[in-house]
Amino acid sequence: MGSVLALSSGLGHQNWPFSPDPPPSRWDTHPAHWDSPPRWERRDGRLPNPGSFHSLHRSCKDVFPQQIEGVKMIVNKTLSSFFKVSHTLHLSAVSPSYYRFHVEHLQSDNYSKEKDATALIGEMDSSGSLNAHALLHISERVRARTVFQTQQSQFVTWQFETEYRASDFTAAVTVANPDILRESVILVAHFLQSVSSGLVLGGELVYHRGRAEEGGILTLAGQYSRPNWVATLNAGKGGAHASYYHRANKQIQVGVEFEASTRTHETTTSFGYQMELPEANMVFRGMINSRCIIGGVLEKRLTPLPATLIMGAFVNHRGDKLQVGLGVNVG
């Protein structure tokens with residue numbers, strides 16, 4: 001789980017192009033170093049750990065381009081081997097413009113490779129909204145995560161998660177927004193079990209209790225993976241989410257997603273691809289879906305400068321809308 005805010009959003013992309021919602025924080029989901037390596041890399045004969053529930057569709061989602069609109073500039077600065085900061089300035093004619101300050105304190109100076117590194121992350125934007133995020137490695141198999149989010153002067157999320165990873169299964173429990181005065185709480189339980197070297201089965205149980213309502217949603221999940229492709233399915237009372245990821249070669253990756261919601265009675269099919277051109281220091285991601293939205297994002301590394309140029313455009317043919325974005329990532 002990235003955030004408790006996702007619990008009430010239902011299935012599907014939360015920030016489709018042309019969505020009125022602002023893009024999520026870049027660390028609104030678990031960082032990549034919390035994910036296990038691909039299961040087919042395990043060659044000791046034992047069943048591998050299936051990883052986390054929230055990362056089941058990550059391989060496919062990473063192929064799709066991220067929404068970009070307006071002008072954005074990101075400046076990253078490493079102050080020491082344990083301390084990093086970044087500044088983001090976004091100017092937009094569609095959504096409110098903002099400035100965001102991001103800071104990370106890392107226990108390990110090799111954070112990108114050290115899977116068990118503890119991290120403290122904080123973010124504040126020009127509207128006064130604050131995000132605080134802590135990742136703790138309690139023991140060899142137990143990890144904890146805490147998230148606090150405010151929207152200007154109001155708390156919107158306080159979330160506590162504990163995850164246990166055995167050799168062939170993962171279990172996690174999340175307590176979100178507990179409020180004794182209002183007698184409300186959200187509980188989420190995840191479980192994944194490796195059945196074979198390529199097959200993973202599990203489920204998610206979401207329980208919500210409040211003064212006026214109480215209920216739960218059970219979602220079953222399965223994933224089958226091979227060295228160059230991954231197929232995943234989530235299905236439950238709220239709907240279904242299926243994805244297929246395929247790596248054609250070192251340069252080309254493709255992904256297909258199908259999402260259906262029983263709450264909104266809508267279905268969406270999306271196709272995305274990623275093309276890497278190492279000789280030109282370029283990466284292009286494109287997508288098209290059944291809502292007649294076509295988009296693409298091009299990332300160009302400006303060697304020898306420590307900067308990346310990002311250009312993107314999304315067209316909604318059904319709504320006759322166009323979004324164009326330009327960004328620079330320094331550092």
Side-chain angles (χ1 to χ4, degrees), residues 1-6 9 13-34 54 61-62 64-80 82-106 111-112 117-135 145-159 176-177 283 285 295 297-302 305-314 323-331:
M1 273 184 49
S3 169
V4 68
L5 301 179
S9 62
H13 290 272
Q14 299 179 44
N15 291 93
W16 277 113
F18 311 101
S19 170
D21 300 326
S25 167
R26 61 177 174 161
W27 52 270
D28 196 37
T29 58
H30 280 280
H33 81 287
W34 266 41
H54 65 85
K61 287 185 176 296
D62 287 346
F64 286 78
Q66 297 295 320
Q67 178 183 359
I68 180 172
E69 185 275 328
V71 178
K72 178 181 290 187
M73 184 173 184
I74 303 175
V75 179
N76 304 291
K77 178 65 175 179
T78 300
L79 302 180
S80 68
F82 303 94
F83 199 66
K84 301 179 182 180
V85 299
S86 68
H87 306 267
T88 302
L89 178 63
H90 183 207
L91 304 178
S92 172
V94 178
S95 59
S97 301
Y98 64 86
Y99 164 78
R100 179 181 294 164
F101 177 71
H102 179 98
V103 59
E104 297 181 10
H105 181 271
L106 314 175
Y111 178 71
S112 61
T118 296
L120 299 176
I121 306 173
E123 234 177 39
M124 176 173 283
D125 61 24
S126 53
S127 67
S129 299
L130 173 68
N131 294 329
H133 184 131
L135 301 174
R145 181 171 184 257
T146 303
V147 176
F148 291 93
Q149 296 180 340
T150 67
Q151 187 67 36
Q152 296 181 353
S153 61
Q154 295 182 348
F155 272 97
V156 294
T157 300
W158 48 101
Q159 175 179 319
N177 291 12
V283 177
R285 295 180 177 90
V297 174
L298 175 66
E299 299 181 11
K300 167 67 176 178
R301 185 71 178 178
L302 303 178
L305 299 176
T308 301
L309 178 64
I310 305 173
M311 298 178 291
F314 293 86
Q323 284 187 0
V324 179
L326 176 66
V328 178
N329 193 332
V330 181

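Below, all heavy atoms of this structure are taken into account, side chains as well, without hydrogens, waters or symmetry copies.
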Original post:
For the atom pair NE2 (H133) and CD (Q149), what is the distance rounded to the nearest 0.5 Å?
Top reply: 9.5 Å

**OP:** State, to 0.1 Å, how close R285 and V283 come at their nearest heavy-atom pair, and which atoms those are.
**Re:** NH1-CG1, 3.9 Å

Original post:
Which pair of heavy atoms, one from E69 and one from S95, lies closest together, and at what distance?
Top reply: OE1-OG, 4.3 Å

**OP:** Please identify each residue that fulfils side-chain contact (heavy atoms from CB on, under 4.5 Å) with Q154, with sequence neighbours left out.
**Re:** none

Subject >> Residue pair L309 / V328, side-chain heavy-atom distance below 4.5 Å >> reply: yes

Original post:
Does N76 reach the main-chain N or O of V330 with its side chain, forming a donor-acceptor pair under 3.5 Å?
Top reply: yes

**OP:** Measure from the side-chain N and O atoms of S97 to the backbone N and O of S92, and report whether any donor-acceptor pair falls under 3.5 Å.
**Re:** yes

Original post:
Considering residues at least two apart in sequence or located in another chain, which fulfil the side-chain hydrogen bond (donor to acceptor under 3.5 Å, both in side chains) criterion with H87?
Top reply: Y99

Original post:
If you look at every heavy atom in A134 and L120, which pair is closest and at what distance?
Top reply: CB-CD2, 3.7 Å

Subject >> D125 side, atom CG; H90 side, atom NE2 - distance, nearest 0.5 Å >> reply: 13.0 Å

Original post:
With a cut-off of 6.0 Å (strictly less than), are more than 12 heavy atoms of other residues, nucleotides or ligands near CZ of F155?
Top reply: no

**OP:** Taking all heavy atoms of Q66 and all of F314, pick out the closest pair and write down the distance.
**Re:** O-CZ, 3.8 Å

**OP:** First locate atom CD1 of I310, then atom CE of M73, and finally report the distance between them rounded to the nearest 0.5 Å.
**Re:** 11.5 Å

**OP:** Ignoring hydrogens and angles, state whether a donor on the side chain of E299 or T308 is under 3.5 Å from an acceptor on the partner side chain.
**Re:** no

Original post:
Between atom CG of N177 and atom CD of Q159, what is the distance when rounded to the nearest 0.5 Å?
Top reply: 8.0 Å

Original post:
If you take all heavy atoms of T150 and N131, which pair is closest and at what distance?
Top reply: N-OD1, 4.5 Å

Original post:
P65 and V297: which non-hydrogen atoms are nearest, and at how many Å?
Top reply: CB-CG2, 3.7 Å

Original post:
Among all residues two or more places apart in sequence or in another chain, which pass the ring-ring contact (aromatic ring centres under 6.0 Å, His included) test with F83?
Top reply: none

